[in-house]
Amino acid sequence: MTDFDSDARREGVRLQKVLAQAGVASRRAAEELIAAGRVSVDGKVVREMGRRVDPDRAVVHVDGSRIVLREDLVHLALNKPRGMLSTMADDRGRPCVGDLVADRVERLFHVGRLDADTEGLLLLTNDGELGHRLMHPSFEVQKTYVAEVAGQVPRDLGKRLRAGVTLEDGPVSVDSFRLVDSAGGRSMVELVLHEGRKHVVRRLMDEVGHPVLRLVRTAIGEVQMGGQRPGRIRPLTHPEVGSLYRAVGL
């Protein structure tokens with residue numbers, strides 16, 4: 001950033017330009033959002049077009065979703081393949097998440113982790129405040145898993161899991177549970193829970209007599225993995241980042 005750019009940011013940038021640079025909308029469309037009262041800055045609705053903000057300090061929301069203005073912040077979604085470690089480096093040379101972003105200039109970290117045998121959605125970021133809150137159990141951000149388990153699950157299993165099952169480190173319950181499919185002595189189930197304890201889904205299903213054969217995390221909050229292929233990384237959209245900020249009260 002040049003000295004001129006630094007001075008301009010300190011003096012403030014027009015709000016509609018900030019929104020356009022953040023990729024929210026064109027400058028003309030951003031002006032319409034402001035005029036309609038859909039934009040707030042630091043908790044207050046702004047309607048005037050001349051408002052200037054500091055992109056490094058201002059907290060801007062559009063339709064209630066926070067907009068990331070800092071150009072240095074990165075938010076990525078990875079479909080972690082089975083067998084890959086949730087670490088940024090491994091001294092034994094085993095495949096790890098860090099290998100996939102080794103050429104990036106940002107210093108990224110993974111938000112939480114998936115064990116080597118678990119596949120699916122893993123967030124990578126350099127947004128320390130958001131990452132910390134997403135990992136903190138007090139914010140109870142929901143995670144969705146699809147598991148292939150042994151056996152035919154009974155009809156009342158969902159009720160039992162929602163009521164809670166006691167593991168060696170305390171009780172755990174799911175927020176929701178549904179049977180997706182069942183055939184050939186195996187069942188496919190979907191579980192939503194906000195627990196972050198180690199191997200919690202595997203231990204939970206072991207406890208109720210249906211060991212996990214394959215486990216995939218498909219969503220974190222409102223962020224969905226969708227059809228993203230294993231090993232592929234994509235940037236989160238503005239609405240997705242906004243939903244994560246909203247989930248943790250930022």
S.K.: Does some side-chain heavy atom of M84 sit less than 4.5 Å from a side-chain heavy atom of L100?
M.R.: yes
S.K.: Would you check, one step at a time, whether the test side-chain contact (heavy atoms from CB on, under 4.5 Å) holds for V111 with M135?
M.R.: CA-CA 7 Å; V111 180; M135 288 186 284; 3.7 Å; yes
S.K.: Considering all heavy atoms of both residues, which atom of H210 and which atom of V153 are nearest to each other, and what is their separation?
M.R.: CE1-CA, 3.8 Å
S.K.: When you measure from the side chain of S187 to the backbone of G151, do you find a donor-acceptor pair of N or O atoms at a distance under 3.5 Å?
M.R.: yes
S.K.: Does V216 form a side-chain contact (heavy atoms from CB on, under 4.5 Å) with M225? I'd like the steps, not just the answer.
M.R.: CA-CA 10 Å; V216 181; M225 186 171 66; 3.8 Å; yes
S.K.: Can you tell whether the side chains of R202 and D115 come within less than 4.0 Å, N to carboxylate O?
M.R.: yes
S.K.: Please check: side-chain N/O of N126 versus main-chain N/O of V74, any donor-acceptor pairing under 3.5 Å?
M.R.: yes
S.K.: So, do L123 and H75 sit near enough that their side-chain heavy atoms are less than 4.5 Å apart?
M.R.: no
S.K.: Report yes or no: does R133 contribute a side-chain atom to a donor-acceptor pair with the main-chain N or O of V248 at less than 3.5 Å?
M.R.: yes
S.K.: Just checking, is any N or O donor in the side chain of D175 or Q142 under 3.5 Å from an acceptor N or O on the other one?
M.R.: yes
S.K.: Sub-3.5 Å donor-acceptor pair from the side chain of S86 to the main-chain atoms of L114, do we have one?
M.R.: yes
S.K.: Do R57 and D42 touch side chain to side chain, with heavy atoms closer than 4.5 Å?
M.R.: no
S.K.: Roughly how far, to the nearest 0.5 Å, is OG of S26 from CG of L19?
M.R.: 10.5 Å
S.K.: Taking all atoms of both residues into account, what is the closest heavy-atom pair of R14 and R52, and its distance?
M.R.: NE-NH2, 3.9 Å
S.K.: Taking the side chain from R217 and the backbone from L121, do they hold a donor-acceptor pair closer than 3.5 Å?
M.R.: yes
S.K.: Side-chain contact test, heavy atoms from C-beta onward, threshold under 4.5 Å: evaluate it for L161 versus M205 and give yes or no.
M.R.: yes
S.K.: Between atom CG of L215 and atom OG1 of T118, what is the distance when rounded to the nearest 0.5 Å?
M.R.: 4.5 Å
S.K.: Would you find a donor on one side and an acceptor on the other, under 3.5 Å apart, between the side chain of R203 and the backbone of K198?
M.R.: yes
S.K.: Using the side-chain contact (heavy atoms from CB on, under 4.5 Å) rule, take L236 and L244 through it: C-alpha gap first, then chi angles, then the decisive distance, then the call.
M.R.: CA-CA 10 Å; L236 296 186; L244 294 176; 3.7 Å; yes
S.K.: What is the minimum heavy-atom distance between L191 and A147, and which atoms define it?
M.R.: CD1-CB, 4.2 Å
S.K.: Would you find a donor on one side and an acceptor on the other, under 3.5 Å apart, between the side chain of D90 and the backbone of C96?
M.R.: no
S.K.: Does a salt bridge link E240 with R234, judged by any charged N lying under 4.0 Å from a carboxylate O?
M.R.: yes
S.K.: Within the 4.5 Å heavy-atom criterion, are R246 and R66 side-chain neighbours or not?
M.R.: no
S.K.: Would you call V174 and L204 a side-chain contact if the rule is heavy atoms closer than 4.5 Å?
M.R.: yes
S.K.: Same cluster for V192 and F177 if Ile/Leu/Val/Met/Phe/Trp/Tyr side chains link at under 4.5 Å?
M.R.: no
S.K.: Look only at the side chain of H110 and the backbone of L124, and say whether a donor-acceptor pair between them is shorter than 3.5 Å.
M.R.: no
S.K.: Flag yes if L134 and F139 sit in one hydrophobic cluster, no otherwise; membership is Ile, Leu, Val, Met, Phe, Trp, Tyr, and two members link when side-chain heavy atoms are under 4.5 Å apart.
M.R.: yes
S.K.: Please check this pair: side chain of E190 against backbone of V180, looking for a donor-acceptor N/O pair closer than 3.5 Å.
M.R.: no
S.K.: Taking the side chain as everything from C-beta on, heavy atoms only, tell me whether V212 gets closer than 4.5 Å to Y145.
M.R.: no
S.K.: Any donor and acceptor pair, going by atom type alone, linking the side chain of R186 with main-chain N or O of L213 inside 3.5 Å?
M.R.: no
S.K.: If I compare all heavy atoms of R197 with all of D169, which pair ends up nearest, and what's the gap?
M.R.: NH1-OD1, 3.0 Å
S.K.: So if you build clusters from Ile, Leu, Val, Met, Phe, Trp, Tyr with side-chain heavy-atom gaps below 4.5 Å, do L73 and L76 land together?
M.R.: no
S.K.: Taking the side chain as every heavy atom from C-beta outward, state whether T87 and R113 have any atom pair closer than 4.5 Å.
M.R.: yes
S.K.: Is there a path of hydrophobic side-chain contacts, each under 4.5 Å between heavy atoms, that joins V59 and Y245?
M.R.: no
S.K.: Evaluate whether atom CZ of R232 has more than 12 neighbouring non-hydrogen atoms of other residues, nucleotides or ligands under 6.0 angstrom away.
M.R.: no
S.K.: With L69 as reference, evaluate D56, V18, V13 under the side-chain contact (heavy atoms from CB on, under 4.5 Å) test and give the passing residue.
M.R.: V18
S.K.: Indicate the atoms forming the closest heavy-atom contact of A58 with V53, along with that distance.
M.R.: CB-CB, 3.9 Å
S.K.: Assigning hydrophobic clusters by single linkage (Ile, Leu, Val, Met, Phe, Trp, Tyr; side-chain heavy-atom cutoff under 4.5 Å), is L167 placed with L157?
M.R.: yes
S.K.: Taking everything shown except R214 itself, do over 12 heavy atoms lie less than 6.0 Å from its CZ?
M.R.: no
S.K.: Measuring from atom CD of Q21 to atom CD1 of I67, what distance do you get when rounded to the nearest 0.5 angstrom?
M.R.: 14.0 Å
S.K.: Minimum heavy-atom separation for V223 and S243, please, with both atom names.
M.R.: CG2-OG, 4.2 Å
S.K.: Step by step, work out the side-chain contact (heavy atoms from CB on, under 4.5 Å) result for I220 and V141.
M.R.: CA-CA 7 Å; I220 298 174; V141 177; 4.2 Å; yes
S.K.: Nearest 0.5 Å please: distance from the CZ atom of R51 over to the CD atom of Q16.
M.R.: 11.5 Å
